Amino acid sequence: MDMKRIEKKWQQQWERAKLAHFDKKSEAPKFYVLEMFSYPSGAKLHIGHWYNYGPADSYARFKRMQGYNVFQPMGFDAFGLPAENYAIKTGVHPKDSTETNIATMEEQLRAMGALFDWSAEVKTCNENYYRWTQWMFLQLYKKGLAYRKEAPVNWCPSCRTVLANEQVEGGVCERCSTPVVRKNLTQWFFKITDYAEELLTGLDTLDWPEKTKNMQRNWIGKSTGCEIEFKAESGESFRVYTTRCDTVFGVTYVVLAPEHPLARKLTTPEQRDAVEAYIDYAARASEIERLSSTREKTGVFTGSYAIHPLTGKRIPIYLADYVLASYGTGAVMAVPAHDERDFAFATKYNLPIVKVIEKKGGETKLPFCEDGIVRGSVDFDGLFGEEARDAIAAHISKLGKGGKKINYRLRDWLVSRQRYWGAPIPIVYCDNCGTVPVPEKDLPVRLPYDVEFRPDGKSPLAKHEKFMNTVCPVCGRPARRDPDTLDTFVCSSWYYLRYTDSHNDKAPFDREAADRLMPVDTYVGGAEHACMHLLYARFFTKALRDMGYLDFDEPFKRLVHQGVILGPDGNRMSKSHGNIVSPDEYVKEYGSDAFRLYLMFGFSYTEGGPWNDSGIKAVSKFLERVEKTVQKVAGYKVPRDPAFPYGQAEKALDYARHFAISRITKDLEAFSFNTAIARLMELLNAIVAYDGNDAKNIPLLKDTVKDFILLLTPCAPHVSEELWEMMGGRGFAAEQDFPKADPEKLVLDETEYAVQINSKIVVRTMLPSSAGEEELRAAVLALPEISAAIGTRTVRKCIVVKGRLVNLIVG
RNA sequence: GCCCGCGUGGCGGAAUUGGCAGACGCACAGGACUUAAAAUCCUGAGUUCGCGAGAACGUAUCGGUUCAAAUCCGAUCGCGGGCACCA
């Protein structure tokens, strides 16, 4: 088969018939299949794209053949740092390189033969898209979900730029491996923490991989504990957060984070110099230093004392950077006897250690951090673990000094980026009016083209006077724009909504359109987005719902992660490993269908694995064998004779056919593509075997071959169209109904049973499928092998598993 | 350190969710066709022992539950991923 020719032929015909266009008028139930859109960093599709999009398209095609009105759009996540770095290196403008890359990728995606609805395409770097990204920002701002604050961010001193969290790997810059430092900058944040609880509980309703849900759960990190108020002798009071309030009588000192607002206020004049030096030291610590949990604890005494709220004892107040300013209250009560970190710190600084928890039954060595029996805690002595915590928390609450409190590890989402290639933040700063949002009617805030890319990495926008200078929308006086752009994850947090109405220039999307298509029924993409994109998108959906723009809670009902295709050496494909396999040469040699089919057959879809090319030859051979067989069967004339045989051979063929249908239907639904194709191979073997008979039921054979082609259609769409045409099928194979299994054909007269004696297989035998337990037992006992094996022993028990085995327990 | 997942032939991987381990393929061996090779077709094969019918062993290791365990439970080893001073 000339693959090139038939690929082109059918792609053109599908295009002409607008096969991929979502039919808004259709009565059929909608089905939204979404693959994560691509980032146009390289010019070409790599194996990862193919592995994501090829099999996922087969799934979409399968749903289409099942009668769903399928919506499967595609687009580009087109803003981002790589394009800008490329510009700094080569001088090619990000807009130009991005557009060139997109054009190439579009062409390759079309050549893949996937049924993408290109009429809904979005590119996040286009004005008609980022205008609405800015609009989203403004809605969040109005709702109080976008706010600006000074915060420590990741700063790479060599690139002289702020980095996103995801661009810091193990404390160093992913680009230049320079240790990242923290720097305080005033930044925009989205208040995702307002949704922490709902983002957590919502997971229970989702059909997502457990692993991914767990990652989100851990990332959100809900913790139930207690806040306790401490009063300094100087009168200042502050709260600490603890999950172990049962140890509160063991507190021997308290610790504030160096960034705590009271840190300086609580410092006595004698300690001033030491404290200032420490705050400075802590601010300078690089991320790798801070990341290390084995790092020796450091800290400084403030000179002040606090009063223990329950014992009235006087305890010293310390500053230490093992306490995080951004979690809980930024202060902790230290119980060195029952916390490893406090223990290490207390040992180093010679602070008292008071034991208040005892292990049940045994003597313990400190620090003892598990739950135990409370001792030396007045009325609470003898209580254990949770019981003690409840009682103590209630007591604290009664005293008006705090009480139970829930905290989350999740932090607000920092969305400012000191970069050019992104959506400008639609905010103006006016000396008169302060922070002023750009009015919606003035959107988009256009990203200027004529900027200079500086080798020092400084933001080109901040230097662009024409961009920066504007007038205040409120008072009309000169004002300055925000020089930053939005994190690209903001763009990708709502693209699935834009797809539903991508040409709308009055709104980001029409509510009716979104409600008709959303939520996404099946979302397919990489697992690396578990705690970023997938969390942000859920947040956006919930925020938009609360603002009245949507009517559902979760954007992605079902989520499937494809695995990773590794290089032939088993390592991740990368330039540094020198093991990159390009799809292009394989597609050229074997065709798009064979390539896709190999990706589906050679791996367990969610696992992935190392590439090897012997597999693709095998799959290509399979397609040749299919073609040969179909050609032969297509050539058979249907004789006039109406008396076609229907005996054992025909029954066996029908069984093979309907077995394949039923299994493939299940397998495709489950993204178990490798087994689906194995079943196709078996069916082909059965067809070839039947064709080897002298007397044939030609209509049955032809029908079986037609079903075979339709079963193959989602997985090898071009070849299948060609074969369908060869068999004289009407219309596109892609538009036929997916074959349905006939349960009657799946029942054979006889089933093979394994017959066991004392759980060991003695013989396998064919027994009537309709036989009940008693019949089976009798039939088995009548077998000569069995009676011989039993001998004089008696049968004590007989276990029958219908359709599988009979196990005789004898003794 | 903590959390999660995984471990099956020479290889990629199956196993109706506790019921015949190794589907389907790759690679391999033997045969047919061919002057020969390639291609194609047929046959074989978990491992070990045996000429043989056959027997024993076998899903990382050890132990347990069960008539029955790759599957459930406990411990150990190994691999992968995520989080990382979150009090």
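Letters A, B, ... are given to chains in the order of the sequence lines, protein chains preceding strands, and every chain is numbered from 1. Since this is a predicted model, take the numbers as computed values, not measurements.
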*Residue pair A/V719, A/M3: steps toward the side-chain contact (heavy atoms from CB on, under 4.5 Å) verdict*: CA-CA 8 Å; A/V719 170; A/M3 294 297 181; 4.0 Å; yes

*Can A/E624 and A/K621 be said to form a salt bridge (charged side-chain N to carboxylate O under 4.0 Å, His left out), step by step?*
CA-CA 5 Å; A/E624 280 168 30; A/K621 258 189 245 171; over 6 Å; no

*Let me see the working for A/D204 and A/R217 under salt bridge (charged side-chain N to carboxylate O under 4.0 Å, His left out), right down to the final yes or no.*
CA-CA 10 Å; A/D204 298 335; A/R217 286 188 187 110; 3.2 Å; yes

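Nucleotides B/rA21 and B/rA32, compared at atom C1', are 33 Å apart to the nearest Å. Between the P atoms of B/rG22 and B/rC41, the separation comes to 25 Å (whole Å). Comparing the P positions of B/rU34 and B/rG25 gives a spacing of 28 Å, expressed to the nearest Å. With both ends at atom C1', the span from B/rA23 to B/rU59 equals 15 Å, rounded to whole Å. Comparing the same atom, P, in B/rA14 and in B/rG7 gives a spacing of 10 Å after rounding to whole Å. For the C1' atoms, the distance from B/rU17 to B/rA27 is 32 Å, rounded to whole Å. A distance of about 40 Å separates the P atoms of B/rG19 and B/rA84, rounded to the whole Å. Nucleotides B/rA37 and B/rG31 place their P atoms 11 Å apart, quoted to the nearest Å.
With a glycosidic angle no further than 90° from 0, B/rG9 counts as syn. For B/rU65, the glycosidic angle deviates from 0 by more than 90°, giving an anti base.
Side chains of A/N579 and A/N571: a donor-acceptor N/O pair is absent below 3.5 angstrom, by distance only. A donor and an acceptor atom, one from each side chain of A/Y408 and A/T193, are nowhere located under 3.5 Å apart. Looking only at atom types and distance, the side chain of A/T704 has no donor-acceptor partner in the side chain of A/Y690 under 3.5 Å away. Of the N and O atoms on the side chains of A/N758 and A/R796, not one donor lies less than 3.5 Å from an acceptor on the other residue. At a cut-off of 3.5 Å, with distance as the only test, no side-chain donor of A/Y598 or A/D613 sits close to an acceptor on the other residue. Under 3.5 Å, the side chains of A/N407 and A/Y327 contain no donor-acceptor pair of N or O atoms.
With salt bridges taken as basic N to acidic carboxylate O contacts below 4.0 Å, none links A/K666 and A/E669.
Taking every side-chain heavy atom of A/D339 into account, B/rA87 is the closest of B/rG19, B/rA87, B/rC3. In the set B/rU40, B/rA23, B/rA87, B/rU40 carries the atom at the smallest distance from any side-chain atom of A/K628. Closest approach to the A/Y322 side chain among B/rC67, B/rC85, B/rA23 is made by B/rC85 (side chain taken as heavy atoms from C-beta onward). Closest to the A/Y327 side chain, of the nucleotides B/rG82, B/rA23, B/rA87, is B/rA87. Comparing B/rC4, B/rC85, B/rC67 by their nearest atom to the side chain of A/D321 picks out B/rC85. In the set B/rG82, B/rC83, B/rG19, B/rG19 carries the atom at the smallest distance from any side-chain atom of A/Q756. If you check B/rA87, B/rA23, B/rA56 against the side chain of A/R679, the one that comes closest is B/rA23. Considering only side-chain atoms of A/N807, the nucleotide from B/rC24, B/rC67, B/rA87 that sits closest is B/rC67. With B/rA21, B/rU40, B/rA87 as the candidates, the nucleotide lying closest to the side chain of A/I761 is B/rA21. Candidate nucleotides B/rG13, B/rA23, B/rC4 were compared by shortest atom distance to the side chain of A/K211, and B/rC4 ranks first.
Between the P atom of B/rG82 and the CD1 atom of A/I220 lies a distance of 18 Å, rounded to the nearest Å.
Looking at heavy-atom distances under 4.0 Å, A/G608 makes contact with sugar-phosphate atoms alone, never a base. Within the 4.0 angstrom heavy-atom criterion, base atoms lie near A/E752. At the heavy-atom level, A/I809 lies under 4.0 Å from the strands shown only through sugar-phosphate atoms. Residue A/G609 is classed as having no contact, given no heavy-atom separation below 4.0 Å to the nucleic acid.
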Taking only nitrogen or oxygen atoms into account, show me every contact under 3.5 Å that the protein makes with nucleotides 25-29 of chain B, one pair per line with its distance.
unit_1	atom_1	unit_2	atom_2	d
B/rG25	OP1	A/N685	ND2	3.4
B/rC26	O2'	A/S614	OG	2.9

*State the dot-bracket string of RNA chain B. Criteria: Watson-Crick or G-U wobble, both atom distances under 3.5 angstrom; notation: ( ) intrastrand, [ ] crossing earlier pairs, | interstrand, . unpaired.*
(((((((..(((......[....))).(((((.......))))).((((....))))..(((((..]....))))))))))))....

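Residues forming a side-chain hydrogen bond (donor to acceptor under 3.5 Å, both in side chains) with A/K404 (at least two apart in sequence, or on another chain): A/D390.
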